[in-house]
Amino acid sequence: VFPGNSNTDSIIQHKLLHSVKARFVRFVPLKWSPSGKIGLRVEVFGCSYKSDIADFDGRSSLLYRFNQKLMSTLKDVISLKFKSMQGDGVLFHGEGQHGDYITLELQKGRLSLHINLGDARLRFSNSHTSVTLGSLLDDQHWHSVLIERFNKQVNFTVDKHTQHFRTKGDSDDLDIDYEVCQACADSGECNQRGLLSITTSIPCPW
């Protein structure tokens with residue numbers, strides 16, 4: 001409720017605490033003035049808007065490209081927020097030429113993190129690690145995700161719920177090619193499972 005003026009010429013200003021993006025704005029008078037009359041005159045002032053949010057319709061993706069063609073890291077931090085009405089789909093995916101990969105995906109409303117630090121092409125490779133957190137994450141509300149990795153030790157956090165685990169295999173490095181994708185429209189695995197209709201915000205992609 002925004003209180004208004006009580007006379008004919010004074011100006012009352014109200015500033016919103018948070019920005020609002022809207023196509024239409026409706027004002028509804030709630031009370032009569034003390035003199036028994038009701039009236040309304042409103043001016044709305046906007047400001048320049050720069051969004052840090054990307055919308056995906058299930059057929060699109062967003063690529064992050066690095067300065068070098070191959071990244072080999074011992075420590076990674078990935079932070080993002082997402083909301084979705086779909087229960088299945090890939091949020092984040094990166095892979096390397098030697099079989100290393102990291103994938104974050106929704107599966108039946110739960111969030112799964114898949115990491116492989118070894119050479120997945122080897123016949124007897126057992127370096128794949130999967131961890132699942134959360135439930136009912138396809139509720140069209142914002143959910144926060146934080147992935148912190150140092151060598152084999154990984155902290156996986158979804159909405160303040162954290163699971164600590166160690167990756168399998170002998171390697172400590174995550175070798176990723178020069179790009180990672182958000183929503184991964186070009187991945188055959190993503191297309192088979194169906195992409196999310198998703199809105200994401202990424203403070204720090206890597």
Side-chain angles (χ1 to χ4, degrees), residues 54 56 61-84 86-135 137-138 143-196 198 200-206:
F56 300 99
S61 64
L62 182 63
L63 293 179
Y64 296 94
R65 291 188 173 177
F66 308 113
N67 295 328
Q68 57 197 74
K69 290 187 176 180
L70 181 64
M71 293 186 60
S72 181
T73 61
L74 291 173
K75 180 180 180 180
D76 305 304
V77 178
I78 301 173
S79 173
L80 61 87
K81 292 182 180 179
F82 76 93
K83 65 178 178 179
S84 174
Q86 305 296 324
D88 296 274
V90 176
L91 277 71
F92 182 92
H93 176 75
E95 63 183 45
Q97 300 175 3
H98 301 293
D100 290 30
Y101 58 80
I102 179 169
T103 303
L104 183 67
E105 66 174 331
L106 275 173
Q107 295 178 317
K108 297 182 179 180
R110 306 187 69 192
L111 201 56
S112 296
L113 174 63
H114 311 290
I115 297 180
N116 187 81
L117 300 183
D119 195 336
R121 299 171 302 175
L122 296 178
R123 181 177 179 182
F124 299 105
S125 175
N126 187 29
S127 53
H128 172 79
T129 306
S130 293
V131 174
T132 301
L133 270 180
S135 63
L137 299 178
D138 52 347
H143 299 282
S144 299
V145 181
L146 177 62
I147 303 169
E148 301 169 295
R149 183 187 71 88
F150 182 72
N151 295 339
K152 293 186 176 67
Q153 187 64 43
V154 180
N155 299 330
F156 180 32
T157 303
V158 178
D159 294 337
K160 298 183 180 180
H161 298 282
T162 302
Q163 185 161 342
H164 309 279
F165 66 93
R166 287 180 59 86
T167 58
K168 299 178 182 178
D170 298 327
S171 176
D172 293 335
D173 300 332
L174 178 63
D175 298 329
I176 297 294
D177 286 348
Y178 69 101
E179 66 182 22
V180 295
C181 69
Q182 185 82 16
C184 315
D186 295 329
S187 170
E189 179 182 10
C190 300
N191 290 332
Q192 293 173 6
R193 296 183 178 177
L195 291 172
L196 298 177
I198 189 171
T200 59
S201 172
I202 310 173
C204 178
W206 203 263

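These numbers were taken from a predicted model, which means no experiment stands behind them.
When each of Leu174, Asp173, Asp175, Ile176 is checked for a side-chain contact (heavy atoms from CB on, under 4.5 Å) with Thr73, only Leu174 meets the rule. Between Leu104 and the options Val158, Val90, Ile78, Leu80, a side-chain contact (heavy atoms from CB on, under 4.5 Å) holds for only Leu80. Of the listed residues (Lys152, Arg149, Arg166), just one forms a salt bridge (charged side-chain N to carboxylate O under 4.0 Å, His left out) with Asp172, and that residue is Lys152.
Between Tyr101 and His93, the closest heavy-atom pair is CB-CE1, 4.4 Å. Between Lys168 and Thr129, the shortest heavy-atom contact is N-OG1, 2.9 Å. Counting all heavy atoms, side chain and backbone alike, Leu146 lies closest to Ser79 at CD1-CB, 4.1 Å.
Summarising the geometry, atom CG belonging to Asn151 is positioned 9.5 Å from atom CG belonging to Leu117; distances are rounded to the nearest 0.5 Å. Taking NZ from Lys108 and CG from Asp88, the interatomic distance works out to 8.0 Å, rounded to the nearest 0.5 Å. Within the model, atoms CG of Asp159 and CG of Leu111 stand 9.0 Å from one another, a figure rounded to the nearest 0.5 Å. Once rounded to the nearest 0.5 Å, the distance linking CG of Leu137 with NZ of Lys83 reads 14.5 Å.
Not counting sequence neighbours, Arg110 has no partner by the salt bridge (Lys or Arg N to Asp or Glu O under 4.0 Å) test.
Asp100 places no side-chain N or O within donor-acceptor distance of the main-chain N or O of Glu95, the cut-off being under 3.5 Å.
The shortest distance between side-chain heavy atoms of Leu113 and Val145 does not fall below 4.5 Å. Put simply, the side chain of Asn116 does not reach to within 4.5 Å of the side chain of Thr167, judged on heavy atoms. Counting only heavy atoms from C-beta outward, the side chains of Thr162 and His164 approach each other to under 4.5 Å. Side-chain contact between Leu91 and Leu106 is present, with heavy atoms from C-beta onward closer than 4.5 Å.
Between the side chains of His114 and Ser112, no donor N or O sits under 3.5 Å from an acceptor N or O.
Note on residues 143-163: pairs passing ring-ring contact (aromatic ring centres under 6.0 Å, His included), not counting sequence neighbours, are Phe82-His143.
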